[in-house]
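Working notes for the structure below.
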Number of protein chains: 2
Amino acid sequence: MHSNKLHIGELEELILLLIMMLQEDAYGLAIRKNLHEKANRKVTIGAVHGTLNRLEKKGFTTSEYSGATEIRGGRRKRVFSITAAGKKVLMASQDVKVNLWKQIPEMALK
Amino acid sequence: MHSNKLHIGELEELILLLIMMLQEDAYGLAIRKNLHEKANRKVTIGAVHGTLNRLEKKGFTTSEYSGATEIRGGRRKRVFSITAAGKKVLMASQDVKVNLWKQIPEMALK
DNA sequence: TATATTTGTTATACTAAGTAGAACAAATGC
DNA sequence: GCATTTGTTCTACTTAGTATAACAAATATA
């Protein structure tokens, strides 16, 4: 048991954010590239797809296969999008942290 | 190997935040209480201390034992504080997320 | 048309992070 | 003394994160 719907892991959070950001371009390799460039997070493609599968299993994302493109090797992509539940958990996650930051005494920030 | 100094787990992040917030009151039971009240995160005391030990081992916190207090059962506490490295990783963590939020297209937020 | 190259996902085995529950320790109250 | 309270440590386990390799389907070009 204990498939906790109230919180998400660290990589899960970053990937949900990138899915919202990338929209129709949210598929494995593109997510991995942005994880590296925008989040300074260097992970292998296996790590990305593992997390993507977990998120879908939890109901935080859905996915569908696009058609193949005309560029060389351009086979169909599995494109992910975030669900309402995913949005909710992602926003709650950020809210908690923003609130905690506000409660840190000034003097501790230096 | 691979004791990654570049990122921290989800619970590690919350606990580092609470250590900064609680200052001289940052010890196991108090952290657990605030995790519940301020972060809606219900975990056992074993989970808190496990994470605390991991953070110290990584160099993100230090701890020292306070003296016992005069209240009933008030034995000495192990009080944690964040190190410069801990502050750095915590701030970087939040920065990345704040930046990603900014890059999400307006229309996706509704 | 076969075979090399490219873009992409899936499978497998493993390490690290998160978790519960109970044991243990030291203080005060009576 | 011994019950109660506050606190940490120990042990065993599940979930999240990770690397590496296998697999699949597309185009390019000979």
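Residue numbers begin at 1 in each chain, while the letters A, B, ... track the order of the sequences.
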Candidates B:Thr61, B:Val89, B:Thr83 - the one meeting side-chain contact (heavy atoms from CB on, under 4.5 Å) with B:Leu55: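 Checked B:Thr61, B:Val89, B:Thr83 against B:Leu55; only one passes side-chain contact (heavy atoms from CB on, under 4.5 Å): B:Thr61.
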
Closest heavy-atom pair and its distance - [X], [Y]:
X: B:Gln23; Y: A:Pro105; answer: CG-CG, 4.0 Å
X: A:Ala85; Y: A:Gly59; answer: CB-O, 4.0 Å
X: B:Val79; Y: B:Ser66; answer: CG2-CB, 4.2 Å
X: A:Tyr27; Y: A:Arg78; answer: CB-O, 3.2 Å
X: B:Glu13; Y: B:Lys97; answer: OE1-NZ, 2.7 Å
X: A:Ser93; Y: A:Ile8; answer: OG-CG1, 4.0 Å

What is the distance from [atom1] of [X] to [atom2] of [N], rounded to the nearest Å?
X: A:Leu14; N: D:dG17; atom1: CG; atom2: P; value: 9 Å
X: A:Tyr65; N: C:dT9; atom1: OH; atom2: P; value: 8 Å
X: A:Leu52; N: C:dT9; atom1: CG; atom2: P; value: 8 Å
X: B:Ile8; N: D:dT18; atom1: CD1; atom2: P; value: 13 Å
X: A:Glu64; N: C:dT9; atom1: CD; atom2: P; value: 14 Å
X: A:Glu13; N: D:dA16; atom1: CD; atom2: P; value: 14 Å
X: A:Lys77; N: D:dA24; atom1: NZ; atom2: C1'; value: 15 Å
X: A:Glu10; N: D:dT15; atom1: CD; atom2: C1'; value: 15 Å

Side chain of [X] only, heavy atoms from C-beta on: which candidate in [options] is closest?
X: A:Val43; options: D:dA19, D:dT9, C:dT19; value: D:dA19
X: A:Thr44; options: D:dT18, C:dG18, D:dA16; value: D:dT18
X: A:Arg75; options: D:dT18, C:dT19, C:dT9; value: C:dT9
X: A:Arg78; options: C:dT9, D:dT8, C:dG21; value: C:dT9
X: A:Arg41; options: C:dG8, D:dG17, C:dA17; value: D:dG17

Reading 5' to 3' through nucleotides 1-6 of chain C, protein heavy-atom contacts under 4.0 Å coded B for base, S for sugar-phosphate only, - for none: ----BB

Sugar-phosphate only, base, or nothing, as touched by A:Ile45 at under 4.0 Å among non-hydrogen atoms: base

Closest-nucleotide 5' rank along DNA chain D - winner of A:Ala47 and A:Arg76: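 The residue whose closest nucleotide sits nearer the 5' end is A:Ala47.
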
Residue met sooner reading DNA chain D from 5', once A:Gly46 and A:Ile71 are mapped to nucleotides: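 The residue whose closest nucleotide sits nearer the 5' end is A:Gly46.
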
Verdict with supporting geometry, A:Lys42 and A:Asn40, side-chain hydrogen bond (donor to acceptor under 3.5 Å, both in side chains): CA-CA 6 Å; A:Lys42 291 172 262 303; A:Asn40 195 31; 3.2 Å; yes

B:Glu64, CD: over 12 other non-hydrogen atoms inside 6.0 angstrom: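 Check fails, neighbour count at 12 or below.
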
Does [N] have OP1 or OP2 sitting under 4.0 Å from an N or O in the side chain of [X]?
X: B:His49; N: C:dA17; answer: no
X: B:His7; N: D:dT18; answer: yes
X: B:Lys58; N: C:dA17; answer: yes

Any residue of residues 21-38 of chain A with a heavy atom less than 4.0 Å from an atom of DNA chain C: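 Residues of residues 21-38 of chain A that come under 4.0 Å of DNA chain C are, in numerical order, A:Tyr27, A:Gly28, A:Leu29.
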
Side-chain donor/acceptor contact of A:Arg54 with base of D:dA16 under 3.5 Å: no

A:Leu14 reachable from B:Leu109 in the ILVMFWY side-chain graph, under 4.5 Å edges: yes

